[in-house]
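This report refers to the structure that appears directly beneath it.
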Amino acid sequence: MPKAIKVAEKAVTVAAGMAWNVFNAFNSIKPNASFTPKWSEKPLLKSWEKQKPPLGWPRTTDSLCPKCVPEMRKKILDGELPVDVLRTEKMGEIKAQIIERDGKILMVKDCPIHGHFEDVMAIDPAFLAHVEHVFPGRDIRAHADKGLHNHGSSTVTHGRGSVLTIDLTNRCNMMCDPCFMDANQVGFVHELSWEDIQTMLDNAISIKPRRQMSVQFSGGEPTLSPYFLDAVRYSRKVGYNSVQAATNGIEFAKSPEFCRKAAEAGLRYAYLQFDGVGNAANSHRAIGNLFDVKLRAIENLHSNGVDIVPVITIINGVNNEQVGRVIEFALDNPKKISFLSFQPVSFTGRDEEITPERREAQRYTLSHLAHDVKNQVKMGEPTRDWFPISFMSTFSDWADLIHGPDADWGQLSCGCHPNCGIGMAVMIDKETKEFRPVTAFLNAEQLSKDVAAVNDAARGKFLSVLGVSLALLRNYNPSEAPSTFKMTDLLQKFDKCFGATGRNYGKVTGDRTFEDIEKRRKDRWNFLFIAGMWFQDLFNYDFRRTEQCIIPYATQEGEISFCAYNTGVGWRNIVEKMHMTATLTKWYEERGRHEIIAGGKSVNLPSKEHSLILNAEAVAAGIQHDLDDKGIAKTAREEKIRKRNEEMAKRAEDLRMEKLYREQILKEKPVEGGFVPISQLGGIKPAAAKTQAKEEVGSFGD
């Protein structure tokens, strides 16, 4: 773009700044009261009405003992305690302190029974301080939710959530490490009936505030459920615009026809397990050609109109060096990838009994992610370009305001705790692949304050749109934007995201067509969102996070916080056992075994062809060896094998020492099948032998 245009745009931003000052001065006079929309029974919140949990440090919070909880959970599963104790008692709860020590933020806690525990919350205090500082506050308290939110200390109290997760089945066609649900290993099948699925979806839309909530079908592997396509279709029918599948991609890679059927049913996003670039980077999942599976799944899904979100479980020392490679993969393929979800490992499921040594070596936090992106991609400043996911709720509030009180659904609002998730937005030119973090050319923190001021005034649609347009322009720095990016592109991107003007960018509603999908994809600019979502485990559990969970599970026992379900007191183990479909033996007898691909086997793919651009060096890179060099196990399976080998070695050593003791101290002689006591050989009398042995053991011990 000619330099003159950038100069002219700069002049516009200066003028917009002056116009904003005048606008804001008048707009702030006698603000209107907030209206109550159809999707809520409470009015929209002003910025100053939003509550915040205790933040900063040192601070005290409520947590769990990593040893008490599994013991208590076992008693419930064994029938020694009723399930209701989770609702009426504070089982396993202890206090925890968030402190700073040696340049890190730690959670430290003490159990009167099991002693001291501590874990790392952040390796960069300044980063965490920034993330907590810009947190705009909690969403509207949940209401009209009787019976669905009733889980004692683990109850979700704020907001309605952003992604409702429904596990269709606990069956899976893989045997992964890590696996927070321990799929295929619990001895029974828990699979939802069609009636269960309908009930959960119907219940979810009864809760207020009724946000535009995404529905994610998960598992196990959700595509193994016979009701997968029906569930997707029904979700769109009852009003959900964003229907997702959390999948390993095997079924999608094997069949373009299956992808077509899923797209026609209404599947919008595939949250695709994606641990790195190349088969070596995915080898800990124990499938020989897993990366080929991912590429083929992306190809099949995208060509049928389904958008792909690679989901990367990050484990320090196992695949953290893949952070940069995955982002570069997205930057190289901006027409196919517009969202990345990095998920630092949660030590639960198969990893709940992790050793302190492995936990310390493998712990990965959101601050690790921000620094790995900067160091590996040379992109993004941790305290400038990363914000809590909840930061976007201010802009969602604005969308709720301009859509008016008669909207059937509220805008998608990610109102989670600032310690739960972070994000960085990158603007990419799909043609030239030039990119820049959005916050390098847009002052996001000041913009959010300006938008909050517009929201608080609560004017009509025209003034609210005008105010935010001025705010966008005055906080825009054209000289730092990509060279071909225009001021009008900024305004259009914002409009496309929040639907302010009603302009048709391609529908996203249940009646959208493939033409709508193609229309949205023709946008030259890809708004790549790089997210980090850090799920809790028993070592860093914080009930202040659980209370405002935005990704609850719909279950037969109500809607339960993601972390309370998969870790915490362990609602998953209990709910699935309570509503077990069949034992594995019974299931196999009646329905047969489903295929499980593991042990290094490969998926039988009809084709490996794809049109994705790959970095040959990244694909060819070998396995990360950080933990090998330290002698630390990589997975729960490897840790168990090592522990078993150590126990066997110890037993062998104990037997060797016993043999030596009998021969040297007791003077017994070995015979076939064991030893003959010395008393039977006509030597020392038994009593004397015992006395002599006692004396000799004493001197031997010295």
Side-chain angles (χ1 to χ4, degrees), residues 161-174 176 179-181 183-184 189-205 211-255 258-274 297 300-301 304-311 339 341 343 412 508 510 533 535 549-562 565-566 572 575-576 579 581 594:
S162 298
V163 180
L164 179 72
T165 304
I166 299 180
D167 279 352
L168 297 180
T169 178
N170 70 345
R171 295 184 297 129
C172 187
N173 47 10
M174 290 178 63
C176 292
C179 177
F180 59 73
M181 71 167 298
N184 296 328
V189 172
H190 174 264
E191 190 155 297
L192 299 182
S193 68
W194 177 236
E195 290 71 24
D196 289 331
I197 297 167
Q198 285 181 302
T199 299
M200 290 175 189
L201 289 168
D202 291 342
N203 286 343
I205 61 175
R211 294 285 182 184
Q212 191 279 304
M213 199 167 176
S214 301
V215 176
Q216 183 173 106
F217 295 108
S218 184
E221 172 53 42
T223 57
L224 295 187
S225 166
Y227 303 113
F228 172 69
L229 295 177
D230 293 326
V232 172
R233 192 175 294 110
Y234 188 77
S235 299
R236 295 303 292 259
K237 178 182 177 181
V238 297
Y240 296 109
N241 289 338
S242 181
V243 184
Q244 310 168 2
T247 177
N248 56 38
I250 291 176
E251 296 305 312
F252 292 115
K254 285 162 50 175
S255 173
F258 182 66
C259 294
R260 183 187 63 78
K261 289 180 179 179
E264 289 176 349
L267 187 67
R268 186 174 176 187
Y269 292 105
Y271 271 61
L272 180 67
Q273 177 197 62
F274 193 97
N300 289 344
L301 287 162
N304 282 285
V306 179
D307 292 329
I308 300 95
V309 180
V311 178
F339 199 117
S341 179
Q343 298 180 356
L412 180 69
V508 296
M533 201 71 192
F535 304 124
C549 178
I550 63 168
I551 45 176
Y553 272 84
T555 78
Q556 290 107 326
E557 295 296 311
E559 292 187 5
I560 307 173
S561 153
F562 187 100
Y565 193 62
N566 289 311
R572 173 188 289 282
V575 170
E576 290 187 349
H579 299 277
T581 307
H594 65 274

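If you're wondering where the values come from, they're calculated on a predicted model, not measured in any experiment.
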Open item on the list: For a side-chain contact (heavy atoms from CB on, under 4.5 Å) check, start with the C-alpha distance between Cys172 and Asn248, then their side-chain angles and the critical distance, and finish with the verdict.
Closed with: CA-CA 9 Å; Cys172 187; Asn248 56 38; 4.0 Å; yes

Contacts satisfying salt bridge (Lys or Arg N to Asp or Glu O under 4.0 Å) that involve residues 215-238 (not counting sequence neighbours) are Asp230-Arg233

### Expected output: side-chain Asn300 to main-chain Ala253 donor-acceptor under 3.5 Å
yes

Quiz item: Quick one: does Thr199's side chain have a donor or acceptor within less than 3.5 Å of a partner on Glu195's backbone?
Solution: yes

Item checked: Any Thr223 side-chain heavy atom under 4.5 Å of Phe217 side chain -> no

message: When you compare the side chain of Leu201 with that of Tyr234, does any pair of heavy atoms fall below 4.5 Å?
response: yes

Practice problem: Determine whether Ile551 and Met533 make a side-chain contact, defined as any pair of heavy atoms from C-beta on separated by less than 4.5 Å. | Solution: yes

Of all heavy-atom pairs linking Gln556 and Val575, the shortest is OE1-CG1, 4.0 Å

In short, Ser162 meets Leu412 closest at the heavy-atom pair O-CD1, 3.6 Å

Scanning both residues in full, the closest heavy-atom pair of Ile197 with Leu168 reads CD1-CD2, 3.7 Å

Tabulate below the donor-acceptor pairs under 3.5 Å that side-chain atoms of residues 262-272 make, not counting sequence neighbours, or state none.
{"unit_1": "Glu264", "atom_1": "OE1", "unit_2": "Arg260", "atom_2": "NH1", "d": "2.9"}
{"unit_1": "Glu264", "atom_1": "OE2", "unit_2": "Arg260", "atom_2": "NH1", "d": "2.6"}

Heavy-atom side-chain contact between Phe228 and Glu251 under 4.5 Å: no

**Message:** Less than 4.5 Å apart, side chain to side chain, heavy atoms only: is that true for Ile550 and Val163?
**Reply:** no

message = Taking the side chain as everything from C-beta on, heavy atoms only, tell me whether Leu229 gets closer than 4.5 Å to Phe258.
response = yes

Flag side-chain contact, heavy atom, 4.5 Å: Asp167 against Tyr565: yes

Rounded to the nearest 0.5 Å, the OG1 atom of Thr169 sits from the CG atom of Leu224 at a distance of 6.5 Å

| Taking the side chain as C-beta and beyond, is there a heavy-atom pair between Ser214 and Gln216 under 4.5 Å? | no

For Ala231 and Ser235, the nearest pair of non-hydrogen atoms, with its separation, is O-OG, 2.8 Å

**Prompt:** Distance-only, no hydrogens or angles: does the Asn203 side chain make a donor-acceptor pair with backbone N or O of Met200 under 3.5 Å?
**Reply:** no

By salt bridge (Lys or Arg N to Asp or Glu O under 4.0 Å), Glu191 pairs with (sequence neighbours left out) Arg171

Correct closest heavy-atom pair for Phe252 and Cys259 would be O-SG, 3.3 Å

